[in-house]
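Quick note: numbers below take in every heavy atom, side chains included, and nothing from hydrogens, waters or symmetry partners. Proteins come first, then strands; the chains are lettered A, B, ... in the order of their sequence lines, and each starts at number 1.
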Amino acid sequence: EMFPYPSGRIHMGHVRNYAIGDVIARYKMMRGCNVLHPMGWDAFGLPAENAAIDKGVHPQIWTQDNILYMRNQLRRMGLSYDWDREVATCEPDYYRWNQWFFLKMYERSLAYRKRSTVNWCPSCETVLANEQVEDGRCWRCDALVTLKDLEQWFFKITDYAEELLASLDGLTGWPERVRAMQRHWIGKSEGVEVDFPLAEPLDGFGDIRIFTTRQDTIFGATFMSLAPESPLVEPLIAGRPQAAAVRDLVARVSRQDRAIRTAADREKEGAFTGAYAINPFTKARIPIWVANFVLYEYGTGAIMAVPAHDQRDFEFAHKYDIPVRLVIQNPTATLSEPHMDAAYEAQEGGSRLVNSDQFSGLSIDEAKDRIASYVETQGFGRRTVNFRLRDWGISRQRYWGTPIPMLYCQGCGTVPVPETDLPVVLPKDVPFTGKGSSPLSQAEAWLTAPCPRCKKPARRETDTMDTFVDSSWYFLRYCSPKSDKQAIEPSAAAYWMPVDQYIGGIEHAVLHLLYARFFTKVIRDLGLTTADEPFLNLLTQGMVTKETYRCATHGWLLPGDLTGSEKDGWRCGHCQTSVERGRVEKMSKSKKNVVDPEHLIATYGADTARLFSLFAAPPDKDLEWSDTGVEGCSRFLNRVWRLILDLQPRLGLGAGLEPKAAEVLRQVASPVLELRRLTHRTIKKVTDDIEREFQFNTAIAALMECVNG
RNA sequence: GCGAGAGUGGCGGAAUUGGCAGACGCGCGAGACUUAGGAUCUCGUGGGCAACCGUGGGGGUUCAAAUCCCCCCUCUCGCACCA
């Protein structure tokens, strides 16, 4: 199971996750498999640091206390973990290997530093990776993400883009939608780069390079668009009357936060630079625009615009009165430019090229191939593959994480900390003010260290690593958790890896699950494991949900704040206005629909808590919490208990029927025979249900039938 | 818009390869036991008085369809100006 963040206490999502994992582990053990069922703690992260700022508790103390408490809770749940292999990522014994991997990746140019525009969460006061921005907001705190220019460390996950994509096809034990999400995130497109010469060449600047997957439409390119961030913009507009309008657009766009910039329905906007390029196929002079929808990070940051066959360009051309030139004809309904009310975005089919010189008459696929070859032989372009995936920015301007093992020396520049000096231990005594730069940059005593090359004082890197680095290889560490010689002992990893069954929430579909795949491949290439993929089978369990209640004046209400009943309607306990039963939503503190497992276990016991988590819904679906449903499970367990107490003495169960079972059975009364048949039918059913898609709910139903019978 | 998935009683959900639709649980109804019951146990519970009708809607294949095929509708989740 995915290891938890030690937030303080376990929640129902954990209970469900670990109940599922526990059944599978026990089942496999009982079937004779050698099962590794470990548990650990994803122990670095921001909440610990916030606790330090708010309550004055050191992150380390806060984290350790939480681990202690939650470990006890898990033990009380009766889960079958091998606690001898426990790992906590905040321990130097663990994170020194993060640093070691970092150094190895640095050696291989898989870790590098560059200045770039990064996602900045103003509330967490740190940088976020692209994967950690959801809908323009921070994945953790929901604050609107802004952009910032910073020097940052990156992992070169793009080096593995091709393999990460290709080997998804082999992950047949993963849910299709997770694979689809990763496929889309990696986003491979095959196309060509084409150089469009400037009509009036500029000193120091060559042609404008564009990327397209629709080179077949190139005769229809009637203008070009540049991303507002493009370095070409300023030289192109310098000294022209259009300069002011362009600068205004660029300034406005760059001020917008990510949520607004990436909104799909955002109005298309542009400004003409005053400059022209030459379409290398039609030789026409085409205007160069700056457009708000062109992404600087993708492709070359510049596009050829084909209004007749691209809806965005079509809208843009109409708004700014730019000519439309049809180059692909619809075989079933003849098109002509003045009568088009949308772009004709034809794919391969009966469509044929028109107005395209020697390429006219070709099908789309033929034209793509012929035009790509033409561009290559003429030397003004080449076939290219583009990925949506960006490199993984791992620098975080926070304290509670793995220090990045790098030094900045006046004389020698950027110098890695030697392997023998690892770990670079987090200094304990730092100020937690919540203001200004990261606590580490204020830790004066720690900040300076001798340069490994020239021995003069150098300054330590004060950024720490993204916590997703910690969780990218912990499953490998479980194989040899105590090793102080190596991050992973290859022989242990060879025995256990890959993980046969991994279980966790779907929210990590393109975060943890992509990073872990990347790390596994890097670690394989370092020779520590032979596994190509970390997780053979993936079970993404659904959320635990519950209904909510909201009063117009008093906000979200706890069940205890309600008066009335389901039948007569609920009222707010504060003001007596009637309250609708709200949506069924994921349990969350803010919605006040959380059920605390602690309370559940105290009332009904751990068995009931686990049983209900497994019975109420199949594991991959959302589980709606129901207090009466829990009671049903409790009743069932009590019934089993009473039944066994009652039957045991009467039937002598367990007294060794086995040696001559068949013979004995022939002689005993038929109810006993019936019972034995029922027992074996149930064993078969439960076995089948677990083997087939982990249908715990029906397996439990079979056990209930058995008891009823 | 693209991708993945779902639609079955009052509710959560079963139905494994096309073979008795609604297992199991909740809820509800009746009864037993009990000073009492919000404990426990027993029985009943898709709709309709009935003939019959019933798996989002409409067509089809088949001896037989929740399941397979075609068209449509609705919902959930993910991605979303990626050139």
Side-chain angles (χ1 to χ4, degrees), chain A residues 134-136 175-189 191-194 210-215 217-218 221 224-227 261-269 291-306 309-316 342-343 345 384 386-390 506-507 509-510 540 542-543 545 547 566-567 583-584 586 611-612 615-618 620-636 638-639 642-643 684-685 688-689 691-693 695-709:
Chain A
E134 294 164 354
D135 216 7
E176 181 50 38
R177 76 180 168 132
V178 176
R179 294 200 285 164
M181 279 161 80
Q182 291 210 357
R183 226 174 257 131
H184 179 258
W185 188 262
I186 296 167
K188 180 179 178 175
S189 313
V192 293
E193 283 178 357
V194 184
I210 60 101
F211 172 75
T212 182
T213 55
R214 291 304 303 270
Q215 61 272 22
T217 65
I218 199 161
M224 302 187 75
S225 297
L226 303 179
R261 257 198 98 162
T262 57
D265 52 359
R266 195 170 62 129
E267 171 82 17
K268 289 180 183 33
E269 256 191 290
N292 65 344
F293 64 90
V294 178
L295 305 173
Y296 183 57
E297 319 83 67
Y298 186 78
T300 61
I303 60 168
M304 66 171 196
V306 183
H309 306 290
D310 182 288
Q311 187 57 28
R312 293 159 303 181
D313 298 339
F314 184 86
E315 288 168 27
F316 195 90
E345 295 183 328
T384 327
N386 243 297
F387 290 95
R388 226 182 71 112
L389 183 70
R390 301 280 76 124
I506 194 157
E507 64 272 18
V510 285
T540 48
M543 296 182 296
T545 63
E547 79 276 6
E566 190 73 61
K567 246 186 202 164
R583 267 174 64 118
V584 173
K586 180 175 181 173
L611 186 72
F612 179 75
F615 178 61
D620 55 326
K621 288 200 185 161
D622 286 353
L623 183 158
E624 187 182 337
W625 193 262
S626 136
D627 292 331
T628 51
V630 172
E631 277 171 34
C633 287
S634 174
R635 272 204 287 275
F636 168 69
N638 286 332
R639 203 152 53 228
R642 283 194 305 270
L643 181 74
K684 173 151 176 41
K685 168 76 176 153
D688 288 350
D689 284 348
E691 289 285 340
R692 182 180 58 91
E693 305 294 318
Q695 300 267 325
F696 307 121
N697 53 334
T698 51
I700 293 167
L703 290 166
M704 288 173 169
E705 279 184 81
C706 176
V707 168
N708 291 344

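A/Asp689 pairs by the side-chain contact (heavy atoms from CB on, under 4.5 Å) definition with A/Lys685, A/Arg692, A/Gln695, A/Thr698, A/Ala699, not counting sequence neighbours. Contacts of A/Lys621 classified as side chain to side chain donor-acceptor pair (under 3.5 Å), with partners at least two apart in sequence or in another chain: none. Under the side chain to side chain donor-acceptor pair (under 3.5 Å) criterion, A/Thr545 pairs with no residue at all, not counting sequence neighbours. Qualifying salt bridge (charged side-chain N to carboxylate O under 4.0 Å, His left out) partners for A/Asp620, counting only residues two or more places apart in sequence or in other chains: none. Not a single side chain to side chain donor-acceptor pair (under 3.5 Å) links A/Glu705 to another residue, sequence neighbours left out. By the ring pair (Phe, Tyr, Trp, His ring centres under 6.0 Å) test, A/Trp185 is found to be paired with no residue, residues two or more places apart in sequence or in another chain being considered. Listed by chain and residue number, A/Arg252 satisfy the salt bridge (charged side-chain N to carboxylate O under 4.0 Å, His left out) test with A/Glu269 (two or more places apart in sequence, or in another chain).
For B/G27, one of the phosphate oxygens OP1 or OP2 lies less than 4.0 angstrom from a side-chain nitrogen or oxygen of A/Arg635. Look at A/Arg177 and you won't find any side-chain N or O under 4.0 angstrom from OP1 or OP2 of B/C79.
A/Arg639 comes within contact range of the sugar-phosphate backbone alone, with a heavy-atom separation under 4.0 Å but no base atom that close. Here A/Ser626 lies out of heavy-atom contact (under 4.0 Å) with every strand. Using a 4.0 Å heavy-atom criterion, one finds that A/Val294 contacts the bases of the nucleic acid, with or without backbone contacts as well.
Each of A/Leu295 and A/Gly629 was assigned the nucleotide of RNA chain B with the nearest heavy atom; the assignment lying further toward the 5' end belongs to A/Gly629. For the pair A/Glu705 and A/Ala302, both in contact range of RNA chain B, the more 5′-proximal nearest nucleotide belongs to A/Glu705.
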Under 3.5 Å, which protein N or O atoms sit close to an N or O of nucleotides 9-16 of chain B? Give each pair with its distance.
{"from": "B/G12", "atom 1": "O2'", "to": "A/Ala616", "atom 2": "O", "distance (Å)": "2.8"}
{"from": "B/G13", "atom 1": "O3'", "to": "A/Asn697", "atom 2": "ND2", "distance (Å)": "3.4"}
{"from": "B/A14", "atom 1": "OP1", "to": "A/Asn697", "atom 2": "ND2", "distance (Å)": "3.3"}
{"from": "B/U16", "atom 1": "O4", "to": "A/Lys685", "atom 2": "NZ", "distance (Å)": "2.9"}

Pairing annotation in dot-bracket form, given for RNA chain B with Watson-Crick or G-U pairs under 3.5 Å and | for cross-strand partners: (((((((..(((......[....)))((((((.......))))))((....))..(((((..]....))))))))))))....
